[in-house]
J.: 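Sharing a structure with you now.
Side chains are part of it too, since the values below use all heavy atoms of this structure and drop only hydrogens, waters and symmetry mates.
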Amino acid sequence: MLTTQPNNPALHIDAEGNYDLDSHFKQLRSQKRLYTFIGLAVLGAALFFSLWFANETNSGKFLDRLPHLFDFVGDMVPRDGWEVWRALFDLPSPYFDGSLQYNYPEGRVYITQNFYVPEYIYKMVETLNIAILSTLIGFIFGFLLCFLAASNLTTKRWLRFTARRILEVLRAFPEIVIAGFFLAIFSLGPIPAIIAVSIHTIGALGKMFFEVVENADMKPDEGLRAAGGNWVERVWFGIVPQILPNFLSYALLRLEINVRASTILGAVGAGGIGEVLRLSISRGHEAKTLAIILILFSTIVCVDQLSAYLRKRIVGNQAFEFGA
């Protein structure tokens, strides 16, 4: 196909002064293949040097131990399949020999004299509480800061700059780094985990929230401004109703992330299921480790499914339909 184009040496112009679209397309396709090849080559080189660096920093044992990667999985197979369920529900084991490996009933958390909650279920509930409370705190403060950081609502550059820098600082450090700092202050327990996850959640949700605000329809705001509404009224009645479903959807997504983050923080002494998982793995307790992994996996699947259901209810099923 030939079309007339202005005189430009960068374009494919034939002898008659027409633009050769087919030649230009072939050139762009060749460039794309070249860039793809270069990108894969760079990725392969980075992977090679990463493995080399890992081997050198591990005294040359990384590649030697690589064939034994799945030995740990084999070592985690319990002597009896029912041991996993006994460990999960703190039931007595027929193999109890006085050691920590089979002392399942010792971990029971008694609510009354005869009713108890199994240790790992109790620890999983503690992890969920950390995630839910942290998400709630992050949602509240992220909600308050996002309007100050939005360029279409905050005309004062210094205020917008300050709000955005605060959000950047709050999400700059991983939760495990923040938790390590507060563990040194508050000692072991769930409090450092709540603080760490909350701080990171404020920064992450605030970032996503103010981007949603900047894409909001400003016509309601213009109407309220014309009617004499102040800044708070314009935000509350003109912006919040149209962006709240997206806010809640992002908050549910962040809840899923925080459940995983709370589990990781438990491994460094910040309470929850991660703490007992670390101890179980380090001591080589097969049934306990598999029981914790089972309840952890089941909980994360349930949280993901519940979150997906609530997002559909909030945003609407049409947003998840193909071709919508």
J.: May I ask you to check whether Tyr104 and Phe89 place their ring centers less than 6.0 Å from one another?
T.: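 No: the rings miss the under 6.0 Å criterion.
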
J.: If I compare all heavy atoms of Leu153 with all of Met218, which pair ends up nearest, and what's the gap?
T.: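 That would be CD2-CE, 4.0 Å.
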
J.: Is it the case that over 12 heavy atoms from other parts of the model lie below 6.0 angstrom from the OH atom of Tyr95?
T.: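 Buried by this count: over 12 neighbours within 6.0 Å.
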
J.: Would you call Arg164-Glu214 a salt bridge at under 4.0 Å N-O?
T.: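 Answer for the salt bridge query: yes.
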
J.: Keeping to residues at least two apart or across chains, list the salt bridge (charged side-chain N to carboxylate O under 4.0 Å, His left out) pairs with something in residues 100-126.
T.: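 Listed once each, the pairs would be none.
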
J.: Looking only at the side chains, is there a donor atom on one of Asn258 and Ser134 sitting less than 3.5 Å from an acceptor on the other?
T.: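 Side-chain D/A pair, Asn258 to Ser134: absent.
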
J.: Same cluster or not: are Phe141 and Leu253 linked, directly or through other Ile, Leu, Val, Met, Phe, Trp or Tyr residues, by side-chain heavy atoms under 4.5 angstrom apart?
T.: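 No; tracing contacts between hydrophobic side chains, which count when under 4.5 Å, never links both residues.
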
J.: Would the distance check show the side chain of Thr127 and the main-chain N or O of Ile273 forming a donor-acceptor pair, the cut-off being under 3.5 Å?
T.: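 Yes: the side chain of Thr127 pairs with the backbone of Ile273.
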
J.: What closest approach, in Å, do Cys146 and Val213 show between heavy atoms, and which atom pair accounts for it?
T.: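 Shortest heavy-atom separation between Cys146 and Val213 comes out as SG-CG2, 4.1 Å.
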
J.: Please examine the side chains of Leu294 and Leu290, heavy atoms only from C-beta on, and report whether any two atoms are closer than 4.5 Å.
T.: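 The answer is no; the side chains never approach within 4.5 Å.
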
J.: Any side-chain heavy atom of Leu88 sitting closer than 4.5 Å to one from Ile295?
T.: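 Yes, side chains in contact.
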
J.: Between Thr154 and Phe147, is there a donor-acceptor pair closer than 3.5 Å when you use the side chain of the first and the backbone of the second?
T.: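 Judged by distance alone, yes, a pair lies under 3.5 Å.
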
J.: Check the surroundings of atom CZ in Arg157: do more than 12 heavy atoms from other residues, nucleotides or ligands lie under 6.0 Å from it?
T.: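 Counting neighbours around CZ of Arg157, 12 or fewer heavy atoms of other residues, nucleotides or ligands fall under 6.0 Å, so no.
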
J.: For Arg260, what residues pass the side-chain hydrogen bond (donor to acceptor under 3.5 Å, both in side chains) criterion, not counting sequence neighbours?
T.: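 Partners of Arg260 under the side-chain hydrogen bond (donor to acceptor under 3.5 Å, both in side chains) test: Asp304.
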
J.: Between Arg165 and Glu168, is there a side-chain N and carboxylate O pair less than 4.0 Å apart?
T.: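 Answer for the salt bridge query: yes.
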
J.: Atom CG of Leu252 and atom CD of Glu256: how far apart are they, to the nearest 0.5 Å?
T.: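 One finds 7.5 Å between CG of Leu252 and CD of Glu256.
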
J.: With side-chain contact (heavy atoms from CB on, under 4.5 Å) as the test, would you mind laying out the steps for Glu286 and Asp80 before giving the verdict?
T.: CA-CA 10 Å; Glu286 302 92 349; Asp80 180 356; over 6 Å; no

J.: Near Trp231 CH2, under 6.0 Å, is it more than 12 heavy atoms from other residues, nucleotides or ligands?
T.: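 Yes, enclosed.
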
J.: Indicate yes or no for a side-chain donor-acceptor contact from Ser307 to the backbone of Val303 under 3.5 Å, with no hydrogens or angles considered.
T.: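 Judged by distance alone, no pair lies under 3.5 Å.
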
J.: Looking at Phe173, I want to see if its CZ is surrounded by more than 12 non-hydrogen atoms of other residues, nucleotides or ligands under 6.0 Å.
T.: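 Open.
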
J.: Does OH belonging to Tyr102 count more than 12 external heavy atoms closer than 6.0 Å?
T.: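 Enclosed.
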
J.: For Phe139 and Phe143, take the angle between the two ring planes, folded into 0 to 90°, and tell me which bin it lands in: parallel under 30, tilted 30 to 60, perpendicular over 60.
T.: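 Phe139 and Phe143: parallel rings.
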
J.: Quick one: does Glu233's side chain get under 4.5 Å of Leu224's, heavy atoms only?
T.: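 Of all side-chain heavy-atom pairs linking Leu224 with Glu233, none is under 4.5 Å.
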
J.: Apply side-chain contact (heavy atoms from CB on, under 4.5 Å) to Val177 and Phe181, showing your working.
T.: CA-CA 7 Å; Val177 175; Phe181 175 78; over 6 Å; no

J.: Within a reach of under 6.0 Å around CZ of Phe96, are more than 12 heavy atoms found that belong to other residues, nucleotides or ligands?
T.: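 Atom CZ in Phe96 is crowded, with more than 12 foreign heavy atoms closer than 6.0 Å.
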
J.: What distance do Ile257 atom CD1 and Thr201 atom OG1 have between them, rounded to the nearest 0.5 Å?
T.: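 Between Ile257 CD1 and Thr201 OG1, I get 8.5 Å after rounding to 0.5 Å.
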
J.: Just checking Phe247: does its CZ atom have more than 12 heavy atoms from other residues, nucleotides or ligands closer to it than 6.0 angstrom?
T.: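 Yes, the 6.0 Å shell around CZ holds more than 12 heavy atoms from other groups.
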
J.: Using the rule given for side-chain contact (heavy atoms from CB on, under 4.5 Å), can you reason through Arg254 versus His200, listing the C-alpha separation, both sets of side-chain angles and the distance that settles it, and then say yes or no?
T.: CA-CA 10 Å; Arg254 191 66 204 183; His200 197 275; 3.0 Å; yes

J.: Given the rule that I, L, V, M, F, W and Y join up when any side-chain heavy atoms are under 4.5 Å apart, are Leu100 and Ile281 in one cluster?
T.: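 Not linked; separate clusters.
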
J.: Go through the side-chain N and O atoms of Ser280 and Thr289 and say whether any donor and acceptor fall under 3.5 Å apart.
T.: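 There is such a pair between these side chains.
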
J.: Answer yes or no: are there more than 12 heavy-atom neighbours, outside Tyr122 itself, under 6.0 Å from its atom OH?
T.: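 Check fails, neighbour count at 12 or below.
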
J.: Using a strict cut-off of less than 4.0 Å between a Lys/Arg side-chain nitrogen and an Asp/Glu carboxylate oxygen, indicate whether Glu83 and Arg86 qualify as a salt bridge.
T.: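 A salt bridge is present here (some side-chain N lies under 4.0 Å from a carboxylate O).
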
J.: Taking the side chain as every heavy atom from C-beta outward, state whether Arg160 and Lys156 have any atom pair closer than 4.5 Å.
T.: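 No - every pair of side-chain heavy atoms lies 4.5 Å or more apart.
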
